[in-house]
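Before any comments, here is the structure.
Heavy-atom basis, side chains included; hydrogens, waters and symmetry copies ignored.
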Amino acid sequence: MGAGTRRGAAADRADARRRPRGESGALLLHGEAGIGKTALLEHAAARAQGLRVLRVEGIESEMELGFSGLHQLVLPILQVLDRLPAPQARALRSVFGLVDVPVRDRLTVALATLSVLAEAAADTPLLCLIDDLQWLDQPSVDVLVFAARRLRAEGVAMLFAARGDSPGSTGRALPTLHVTGIDRTAAAALLPGLAPHVAERIIDQAQGNPLALRELSAALTPAQRSGQLGPLVLPEAPAALPSRLQEALTERVRRLPEATRRILTVAAADDTGDLTVVLAAAARCGGSVDDLTPAEQAGLLAVSGAGLRFGHPLVRFAAYRHGPLAERIAAHRALAETLDGAGHAHRRAWHLAAATTGPDERVAAELERVAEWAGSRQAMASASAAYERAAQLTADPALRARLLIGAAQRASEAGQDERCGALADQVPQPLQDPGMAADFARVRAVVELGFGSPARAARILAEGADATAAERPDKLPVLLTDALHAAFAAGNAALIAQIAARAPGLPVLAVPAHVFADAAATPRNDGDAAADGVPAAPLSAARGSRSPSW
C-alpha cells in the first residue's frame with residue numbers, strides 16, 4: 001500500500017469518527033431453552049442494514065478456554081488492534097495467544113475490548129450478537145459486559161441471549177428482557193399438516209415454546225401426524241419441558257444413518273465450528289463430508305464452505321449425548337490429533353482430557369500448563385477449571401494436592417467462593433510440604449471469610465504461619481498480613497495483638513503490635529476469644545482515641 005493510499009484510509013477513518021454514529025446500547029434476552037432467543041438475534045441480524053454483524057456463540061465444551069468467546073467476536077476485526085494504545089493491543093494479543101507476554105491486570109483487557117469495538121465502529125457501526133451467554137467462558141463474559149455497560153455514542157449495539165427465567169448476576173449489570181412463550185393461535189400456525197387433536201396435544205405439551213412445537217412435531221411418525229397418537233409418545237403427565245424437548249431432538253438424531261451420527265458426534269465435540277477441522281477429525285473416525293448430507297436435509301445442521309453450525313444448541317447436546325461413550329472418546333481423540341499446532345495447544349489439552357478415562361500424567365501436565373497460561377492472562381475461572389481437571393488425572397497424591405490448591409486459589413480470585421470451598425475439601429491430608437500447607441491455609445481462610453467467620457480465618461492463617469515459619473520464612477509476611485486483615489475485620493483486638501506479636505519487625509505489623517500490645521490483658525467473655533485461651537478485648541475499646549488509620 002502506498003503512502004497516499006494509507007493517508008487516504010486514515011483520512012476516511014478520521015471523517016468517520018467526526019460523523020455522528022448514533023447511540024450505542026445493550027440488551028440481555030433471557031428465557032427457557034427454545035423460547036426464541038436465537039430467533040430474535042437472527043431477526044436483528046437480518047435487519048441490520050448498514051451495520052457490520054459480529055457473532056459469538058457460547059459452547060459448553062469451550063467454557064474452560066479463557067477468552068475463547070472474546071476471540072470469536074474480535075477475530076473478524078483483528079486488524080483494528082493496530083490502532084489501539086500499545087498496552088491494550090498487547091493485552092489482547094496476549095490473551096489470544098499471539099504474543100507470549102503476561103497480562104498484569106484484567107482491566108487492561110476489558111478496556112482493550114471497549115476500544116477495539118469503538119475503533120471498528122468508526123469504520124462501520126457494529127451489531128454484536130452474543131448467544132448462549134450461559135455457556136461462554138467467564139473471562140469473556142466479564143469483559144463483554146464491561147464494554148456493554150460503558151458504550152455511549154460509538155455506534156455499537158450489543159444483544160446478549162442467555163438461558164434461564166432469571167438473568168442471574170450478569171443480568172443485574174445489563175438491561176434485560178424476559179422472552180416468554182407464544183399464544184395458542186401463533187402456536188397452531190407453526191403446526192401445519194397435523195390432525196386437529198394432535199396439534200392441540202402438541203400445543204399443550206410445548207407450553208408456548210416454539211422450538212418444542214417444531215421438534216415435538218418433527219419427532220412424530222406419519223401415522224401419528226395423521227391422528228394415530230399413542231400415549232407412550234406424548235404421556236398424559238408430561239415431564240419437564242427440557243426433558244421432552246431433548247427426547248424429541250434425540251429421536252431425530254437416532255433416525256440418522258450410523259455414519260452421520262458418528263460425524264455429528266465429532267462436530268458436537270468440536271468447539272471451533274471450522275469445517276476443515278471437523279472433516280479432518282471425522283476422517284480419522286472413518287467419516288467423510290458425504291455423511292453430513294442427511295443431517296443437513298433433516299435441518300439439524302447448516303454447512304457452508306468454511307463453517308458448520310447446529311440448528312440449535314440443544315441439537316449439539318443431543319448429538320453428543322446420543323453417541324456411545326467409545327464414540328465420544330474417539331471423537332475427542334481425533335480432534336486432539338487434528339489440532340496439533342501450537343495455536344491450538346489449549347484445545348488439544350482439553351480434548352485429550354475428555355478422551356482420558358483414568359490417570360494420565362502427560363495430559364495432567366498439559367492441563368497444568370494451560371492453567372498457568374490462563375492465570376497469567378487473568379482468566380482465573382478458566383485456570384481453576386484446568387487445575388481441577390489436571391488434579392483428577394494424576395495418581396500422585398502430592399501433585400494432586402498442589403493442583404487442587406491451585407484450583408481453589410484461582411476460584412477464589414475469580415470470585416467463586418463456594419467452589420473454592422468445595423475444592424479445598426478435596427485436598428488430600430496431611431500436607432507434608434510446608435509451602436503447600438501455607439497456601440492451603442490461605443485457601444481455607446478465604447472459605448471462612450466467605451462464610452462470615454473472619455476470626456476463624458485469622459486463626460487459620462496464624463496457625464499456618466506458626467507451622468511453616470521455620471522451613472518457609474518467605475511465606476510468613478503474606479500469611480500474617482492476611483491474618484491481620486481478617487482479625488481487624490473480626491473486630492478482635494486481642495487477636496490482632498497476638499498476630500502482630502508473631503513478627504513485630506514486619507512493617508505492616510509494627511503499628512498493630514504497638515497499639516494493641518496490652519489488648520490481651522483485657523478480659524472478654526464471648527465466643528470469639530483467641531484459640532489459645534487468651535481473652536479478646538473489643539477492638540473499639542482497644543483503639544480508644546488512637547485509632548490507627550490503615
Side-chain angles (χ1 to χ4, degrees), residues 1-29 41-57 67-99 101 103-131 133 136 139-161 173-175 306 377-378:
M1 181 185 290
T5 304
R6 287 195 298 270
R7 283 194 296 272
D12 290 343
R13 287 198 299 272
D15 290 342
R17 291 190 183 93
R18 285 192 292 270
R19 290 193 297 269
R21 285 173 276 162
E23 293 298 317
S24 295
L27 180 67
L28 171 65
L29 309 174
L41 296 189
E42 295 294 343
H43 180 82
R47 285 154 180 77
Q49 291 88 356
L51 302 179
R52 182 171 188 176
V53 179
L54 302 179
R55 294 175 179 268
V56 179
E57 180 183 345
F67 298 108
S68 57
L70 180 63
H71 184 260
Q72 273 191 68
L73 185 76
V74 174
L75 186 59
I77 54 171
L78 206 57
Q79 72 281 359
V80 177
L81 292 184
D82 295 335
R83 304 185 208 166
L84 268 56
Q88 294 185 12
R90 185 166 55 249
L92 281 185
R93 289 192 173 100
S94 176
V95 300
F96 294 159
L98 300 176
V99 295
V101 295
V103 177
R104 300 301 179 188
D105 61 89
R106 283 174 282 184
L107 179 61
T108 304
V109 179
L111 291 173
T113 301
L114 180 60
S115 296
V116 79
L117 293 176
E119 283 293 334
D123 300 330
T124 306
L126 298 179
L127 172 61
C128 302
L129 304 177
I130 300 95
D131 202 1
L133 187 66
L136 212 60
S140 293
V141 173
D142 292 342
V143 298
L144 290 175
V145 171
F146 176 95
R149 295 182 62 205
R150 286 159 178 79
L151 291 168
R152 293 295 180 266
E154 298 85 355
V156 180
M158 300 185 74
L159 278 178
F160 298 81
L174 296 173
R377 269 66 179 176
Q378 302 298 313

Can you give me every donor-acceptor pair (side chain of residues 91-99, partner residue at least two apart or in another chain, under 3.5 Å) with its distance?
from: R93; atom 1: NH2; to: D82; atom 2: OD1; distance (Å): 2.7
from: S94; atom 1: OG; to: V101; atom 2: O; distance (Å): 2.4
from: S94; atom 1: OG; to: R377; atom 2: NE; distance (Å): 2.8
from: S94; atom 1: OG; to: R377; atom 2: NH2; distance (Å): 3.3

TODO: Please answer whether the main-chain N or O of R152 pairs with a side-chain N or O of E154 as donor and acceptor at a distance below 3.5 Å.
DONE: yes

TODO: Indicate the atoms forming the closest heavy-atom contact of P87 with T108, along with that distance.
DONE: O-CG2, 3.8 Å

- [ ] Evaluate the side chain to side chain contact (heavy atoms under 4.5 Å, CB included) criterion for residues L29 and L41: first the C-alpha distance (whole Å), next the side-chain angles of each, then the deciding distance (0.1 Å), finally the verdict.
- [x] CA-CA 9 Å; L29 309 174; L41 296 189; 4.2 Å; yes

TODO: Give a yes or no answer on whether the side chain of T113 reaches the backbone of V109 with a donor-acceptor pair at less than 3.5 Å.
DONE: yes

TODO: Kindly give the heavy-atom pair with the smallest separation between A121 and G155, and that separation in Å.
DONE: CB-O, 3.9 Å

TODO: Without swapping roles, check the side chain of R150 against the backbone of L114 for a donor-acceptor pair under 3.5 Å.
DONE: no

- [ ] Taking all non-hydrogen atoms of both residues into account, name the closest pair between S24 and L151 and its distance.
- [x] CB-CB, 3.5 Å

Task: Residue pair F160 / A26: nearest heavy atoms and the distance that separates them - done: CE1-CB, 4.4 Å

TODO: Taking all heavy atoms of L81 and all of A89, pick out the closest pair and write down the distance.
DONE: O-CB, 3.5 Å

Open item on the list: Using the ring-ring contact (aromatic ring centres under 6.0 Å, His included) criterion, which residues pair with F146? Sequence neighbours excluded.
Closed with: none

For residues 48-56, which side-chain donor-acceptor pairs fall under 3.5 Å, sequence neighbours excluded?
from: R52; atom 1: NH2; to: P76; atom 2: O; distance (Å): 3.0
from: R55; atom 1: NH1; to: E42; atom 2: OE2; distance (Å): 3.2
from: R55; atom 1: NH2; to: E42; atom 2: OE1; distance (Å): 3.2

